[in-house]
Amino acid sequence: MFAHTNPLHLDVFQSVARFEAEVVAMTADLLGSKEKASGGQVCGNMTSGGTESILLAVKTSRDYMKMKKGITRPEMIIADSAHSAYDKAAQYFNIKLRRVPVNKEFQADVKAIRQHINRNTILIVGSSPGFPHGIIDPIEELGKLAYSYGICLHVDLCLGGFVLPFACKLGYTIPSFDFTIMGVTSISVDVHKYGLAPKGTSVVLYRNHDIRKHQFVAVTEWSGGLYVSPTMAGSRPGGLIAGAWAAMMSLGQEGYLENTRKIMEVSKMIQKGIKEIPELFIIGKPNMTIVAFGSAVLDIFEVNDIISSKGWHLNALQRPNSIHICVTLQHVPVVDAFLQDLREAVQTVKENPGPISGGLAPIYGAAGTMPDRGMVQELLVNYMDGTC
């Protein structure tokens, strides 16, 4: 019904414009928009995914800080664990990127970030949780830091936006992460992850309209007429916006609460199961539904190859070498089978170490040890060039 609609034409497709406004409002409500501490002006737009939401937040922060402080050589500071979309934003928008190591808990190191702030800093970043290890950064401390320096703080809630608010309601101890924290200027949330909306739907939120205005592009001198667009795309698929609205209305607060209960319980089961395998260790203390683990005695990438051959899909990580599982509703009925396959994979590698035919362990291992990161980057670019 909405496949042909395009919210670029607000006057024509008014229902889709309403759907977007309601998705944004419902998402903002989960993240403190109705609390007094938020300022009561939280606003935002729907985007095509977490990367676009982050790109827009970075671009908006750059232009806002140029207006506010006159910064023309912008810099932003991120932790090693921050999403690669920030690298993309730095390249796209000509922003110097300063990357700092995580602390011993695998969180953004607030002290290290403070040491890198200078007169050109426009933005610092926190993740709730970070994609690699599922660990929440100290957002409250980052908020105080950003506020004290008068700079922007973006919180990446692309993974956690539709889990953490409900985990709090279920009684889990979750560090603060939303607009109730002074200093948070923008948040990205993917509706197409744990919001269970169609792929291609995310939300970028801002503390107020004064900040969000710097996201928009308005053109006055085009022969095609006056033009203004809120996001990176001009035309946007109204069908996806309608699908996100339908998913949220269908599930409701109770649906998301029950989903969160199930996946958080499975996450704890997986953590317990991994701890019972002596050859493995968990990276940090996961706050949500991503569990990363490595090994001091086995090649963890060989373990990944074995478990992949059994039909599981885990992500390979680096620094340290590890793999992670992102728990979804699909894992709920098969958690025991996963842990059994993991135990068997570890035992197989322990008894017969070495790469399996067709496995990716040698590639990941070699890439992680190459001192010339430019060569690794070139390999990635050539791989992409040959596959698309």
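All values below come from the heavy atoms of this structure, side chains included, with hydrogens, waters and symmetry mates left out. Since we're looking at a predicted model, the values are computed, not measured.
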Qualifying salt bridge (Lys or Arg N to Asp or Glu O under 4.0 Å) pairs, either residue in residues 217-244, two or more places apart:
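Listed once each, the pairs are Glu20-Arg236.
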
For residues 164-181, which residue pairs qualify under salt bridge (Lys or Arg N to Asp or Glu O under 4.0 Å), counting only residues two or more places apart or in two chains?
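Residue pairs with at least one partner in residues 164-181: there are none.
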
Once you round to the nearest 0.5 Å, how far does CG of Leu317 lie from NE2 of His133?
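So the CG of Leu317 and the NE2 of His133 are separated by 5.5 Å.
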
Rounded distance [0.5 Å steps], CG in Leu314 versus CG in Asn304:
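Between atom CG of Leu314 and atom CG of Asn304 there are 5.5 Å.
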
Output yes when a side-chain donor or acceptor of [X] lies under 3.5 Å from a complementary backbone atom of [Y], and no otherwise.
| X | Y | result |
| --- | --- | --- |
| Thr121 | Leu123 | no |
| Arg98 | Ile77 | no |
| Ser128 | Leu157 | no |
| Asn103 | Phe106 | yes |
| Ser53 | Ala57 | no |
| Glu22 | Trp245 | no |
| Asn6 | His9 | no |
| Ser38 | Ser33 | yes |
| Asp299 | Phe301 | yes |
| Ser295 | Glu279 | yes |

State plainly whether the residues Glu140 and Lys144 are in salt-bridge range, i.e. N to O under 4.0 Å.
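A salt bridge is absent here (no side-chain N lies under 4.0 Å from a carboxylate O).
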
Is it true that Asp63 and Lys213 make a salt bridge, defined as a side-chain N closer than 4.0 Å to a carboxylate O?
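No, Asp63 and Lys213 are not salt-bridged.
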
Ring centres of Phe19 and Phe2 under 6.0 Å apart?
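That pair passes the under 6.0 Å test.
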
Do you reckon Leu170 sits in the same ILVMFWY cluster as Val163, going by side-chain contacts under 4.5 Å, direct or chained?
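Yes.
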
Under a 4.5 Å side-chain heavy-atom rule over Ile, Leu, Val, Met, Phe, Trp and Tyr, are Val184 and Tyr147 clustered together?
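Not linked; separate clusters.
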
side-chain hydrogen bond (donor to acceptor under 3.5 Å, both in side chains) partners of Ser267, counting only residues at least two apart
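Ser267: side-chain hydrogen bond (donor to acceptor under 3.5 Å, both in side chains) contacts with Gln271.
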
Checking [Y] against [X]: is there a side-chain donor and acceptor pair closer than 3.5 Å?
| X | Y | value |
| --- | --- | --- |
| His154 | Ser188 | yes |
| Tyr206 | Gln215 | yes |
| Tyr64 | Thr185 | no |
| Arg62 | Asn94 | no |

Run through Lys350, Glu344, Glu351 and flag the one making a side chain to side chain donor-acceptor pair (under 3.5 Å) with Gln347.
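Going through Lys350, Glu344, Glu351 one by one, the side chain to side chain donor-acceptor pair (under 3.5 Å) with Gln347 is satisfied by Glu351 alone.
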
Can you see which heavy atom on Ala247 is nearest to which on Gly195, and at what distance?
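For Ala247 versus Gly195, the nearest heavy atoms are CB-O, 4.1 Å.
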
Assign the ring pair Phe338 / Trp312 to parallel, tilted or perpendicular, where the plane angle (0 to 90°) is split at 30° and 60°.
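Phe338 vs Trp312 ring planes: perpendicular.
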
